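Every value quoted in this text rests on a predicted model; they were computed, and no experiment measured them.
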Amino acid sequence: MKDSILIKNTTIVNEGKAFVADVLLANGCIQQIGNIDGEPNHNIIDGTGKHLFPGIIDGQVHFRDPGLTHKGDLYTESKAAIAGGVTSFIDMPNTVPNILTVESLKEKYEIASKKSLANYSFFLGVNGDNIDEVSKMDTSQFIGVSDDGLYFTKKGNLLADNPETMEKLFANCKSIIAIHSEKEEIVEANEEAFREKYGDAIPAKFHPIIRSTEGCYEATKRAIELAKKHSARLHILHLTTEAETHLFQNDIPLQEKKITTEVSVHHLWFSDKDYERLGMLIKWNPAIKTEQDKQGLLKALLDDRIDIITTDHAPHTIEEKQKPYFQSMSGAPMVQHTLNCMLEFYKKGHISLEKIVEKMCHNPAILYRMTKRGFIREGYYADLTLVDLNSEWVVAKDNLLYKCGWSPLEGTRFQTKIEQTFVNGNLVLDNGVWNETIRGMALDFTKENEH
Ligand SMILES: [Zn+2]
């Protein structure tokens with residue numbers, strides 16, 4: 001019986017290097033890296049001409065389970081993730097119910113253990129409704145707490161708008177505090193001005209002027225000041241402006257940073273030029289901003305002021321998107337193409353393969369203190385993806401795996417193809433053929449007992 005997988009002669013991209021070697025997977029882990037002879041119990045995969053990356057770790061997704069499963073669920077969206085080389089994800093709390101208690105968090109883990117093909121973890125939601133309970137909890141048991149998406153269900157629940165709630169959290173929380181950083185006050189004033197002029201029919205191109213640079217910058221600046229005052233562990237989600245990138249430092253290693261941030265792949269990919277073509281389909285919060293912002297974000301990613309890349313994968317049905325401005329839902333599905341997008345930047349000479357792996361694999365594991373993930377190392381979990389860097393294809397409805405069945409990237413030609421994805425040593429995706437008999441694992445992480 002073949003109980004091990006031997007990937008022969010592949011180009012491994014890991015820890016700042018790209019080199020050709022063989023990799024042996026057994027018992028869920030990477031057993032050996034080097035020059036390895038095949039044995040009868042090895043299922044041999046020829047990796048010649050292909051690149052082997054650690055599985056992507058996506059630090060921010062909205063898989064909509066439980067309660068919003070008409071948009072997506074932990075089975076469909078984790079499958080789309082694996083098709084994109086993403087082997088682990090952290091999901092946000094704005095499901096139904098909102099994940100504001102330990103009980104609802106446990107239920108979500110229970111659902112994932114039955115449905116998710118990829119490895120999973122979940123933020124505990126925090127807002128004005130549960131701040132007193134959260135302040136008393138041993139928060140070191142959570143991978144992180146977050147308010148992301150919660151303000152959609154109830155206005156005024158954004159931490160950035162409530163300095164008192166935010167300070168209470170910063171003073172007490174022992175885990176990572178990941179916040180959605182926009183000042184709703186500024187956004188609302190802009191909304192009113194545009195509503196007066198256009199009524200409900202505000203063109204999508206005004207979205208970045210309504211959800212403005214000022215709204216983002218003021219919120220991020222204030223959050224950082226408060227986090228510093230309390231020496232809290234703050235992570236700013238999905239940065240969108242060049243201005244904000246200057247609020248982050250790159251003169252210490254990620255391991256020592258108390259203030260970290262991320263860029264979501266769509267903010268590197270799209271700019272305000274694309275509203276004309278795609279309209280509400282690229283309405284995200286915070287908004288896609290200018291070409292200059294897009295360039296500034298890439299620059300900050302390359303010089304390490306931005307630590308990780310996420311997708312903020314947020315599916316909605318096409319009907320929910322194609323409504324007038326105020327009714328159109330914000331967010332879009334991205335998880336299936338995040339690596340392909342970044343590899344297009346590599347093809348254009350904007351970023352190296354090693355840097356992509358650092359920002360999508362190594363750094364999320366470091367930032368969220370994950371155990372034995374994010375690197376191609378002996379003894380680590382065998383989460384891997386094998387990619388052909390010279391294979392063209394076009395994103396189309398019939399190759400999307402999202403439950404919502406659409407993507408803002410439809411019609412995009414990619415030059416790279418994800419051929420195989422391994423999760424905990426299992427070959428889950430093999431050139432379009434799926435092994436769906438195995439489920440992902442809950443992600444282990446180191447508990448921080450002090451902040
Ligand atoms: Zn989000």
Are side-chain heavy atoms of [X] and [Y] found at a separation under 4.5 Å?
| X | Y | value |
| --- | --- | --- |
| Ile90 | Asp58 | no |
| Thr245 | Leu297 | yes |
| Val61 | Met92 | no |
| Phe375 | Ile366 | yes |

Crowded around [X] [atom1]? As in, over 12 foreign heavy atoms under 6.0 Å?
| X | atom1 | answer |
| --- | --- | --- |
| Asn27 | CG | no |
| Lys355 | NZ | yes |
| Gln255 | CD | yes |
| Glu164 | CD | no |

Between the side chain of [X] and the main-chain N/O of [Y], is any donor-acceptor distance below 3.5 Å?
| X | Y | result |
| --- | --- | --- |
| Glu77 | Lys403 | yes |
| Thr421 | Ile82 | yes |
| Ser212 | Gly215 | yes |
| Asn172 | Leu169 | no |
| Thr261 | Ile236 | yes |

Test: Lys79 and Glu436 ion pair at under 4.0 Å: yes
Thinking salt bridges, do Lys228 and Glu225 make one under a 4.0 Å N-O criterion? no
Parallel, tilted or perpendicular: ring planes of [X] versus [Y], cut at 30 and 60 degrees:
| X | Y | result |
| --- | --- | --- |
| Phe89 | Phe122 | perpendicular |
| Tyr368 | His235 | perpendicular |
| His313 | Phe63 | perpendicular |

Within 45° cone and under 6.0 Å: Lys321 NZ/CZ vs Trp406 ring: no
Got a sec, which residues hit ring pair (Phe, Tyr, Trp, His ring centres under 6.0 Å) with Tyr346, two or more places apart in sequence or on another chain? none
Applying the ring pair (Phe, Tyr, Trp, His ring centres under 6.0 Å) criterion to His207, which one of Tyr325, Phe326, Phe194 satisfies it? Tyr325
Between [X] and [Y], does any side-chain donor sit less than 3.5 Å from a side-chain acceptor?
| X | Y | answer |
| --- | --- | --- |
| Asp132 | Ser135 | no |
| His180 | Asp148 | yes |
| Thr260 | Arg233 | yes |
| His70 | Arg64 | no |
| Asn435 | Thr437 | yes |

Applying salt bridge (charged side-chain N to carboxylate O under 4.0 Å, His left out), run through Asp138 and Lys174 and close with a yes or a no. CA-CA 8 Å; Asp138 170 17; Lys174 293 188 177 72; 5.6 Å; no
Applying the side-chain hydrogen bond (donor to acceptor under 3.5 Å, both in side chains) test to Thr240, which of Lys294, His267, Lys289 qualifies? Lys289
Apply the test salt bridge (charged side-chain N to carboxylate O under 4.0 Å, His left out) to residues Arg377 and Glu15: give CA-CA distance (whole Å), side-chain angles for both, the deciding distance (0.1 Å), then the verdict. CA-CA 10 Å; Arg377 285 179 183 162; Glu15 297 182 74; 3.0 Å; yes
Between Glu167 and Lys229, does the salt bridge (charged side-chain N to carboxylate O under 4.0 Å, His left out) criterion hold? Intermediate values first, please. CA-CA 9 Å; Glu167 262 200 275; Lys229 180 176 156 194; 2.6 Å; yes
Can Ser407 and Glu410 be said to form a side-chain hydrogen bond (donor to acceptor under 3.5 Å, both in side chains), step by step? CA-CA 6 Å; Ser407 161; Glu410 279 170 54; 5.5 Å; no
Carefully, step by step, assess Phe142 and Phe123 under the rule ring-ring contact (aromatic ring centres under 6.0 Å, His included). CA-CA 7 Å; Phe142 310 120; Phe123 284 98; over 10 Å; no
Verdict with supporting geometry, Asp383 and Arg373, salt bridge (charged side-chain N to carboxylate O under 4.0 Å, His left out): CA-CA 7 Å; Asp383 294 339; Arg373 308 258 180 210; 2.8 Å; yes
Taking the six-membered ring for Trp, is the centroid-to-centroid distance between Phe270 and Tyr275 below 6.0 Å? no
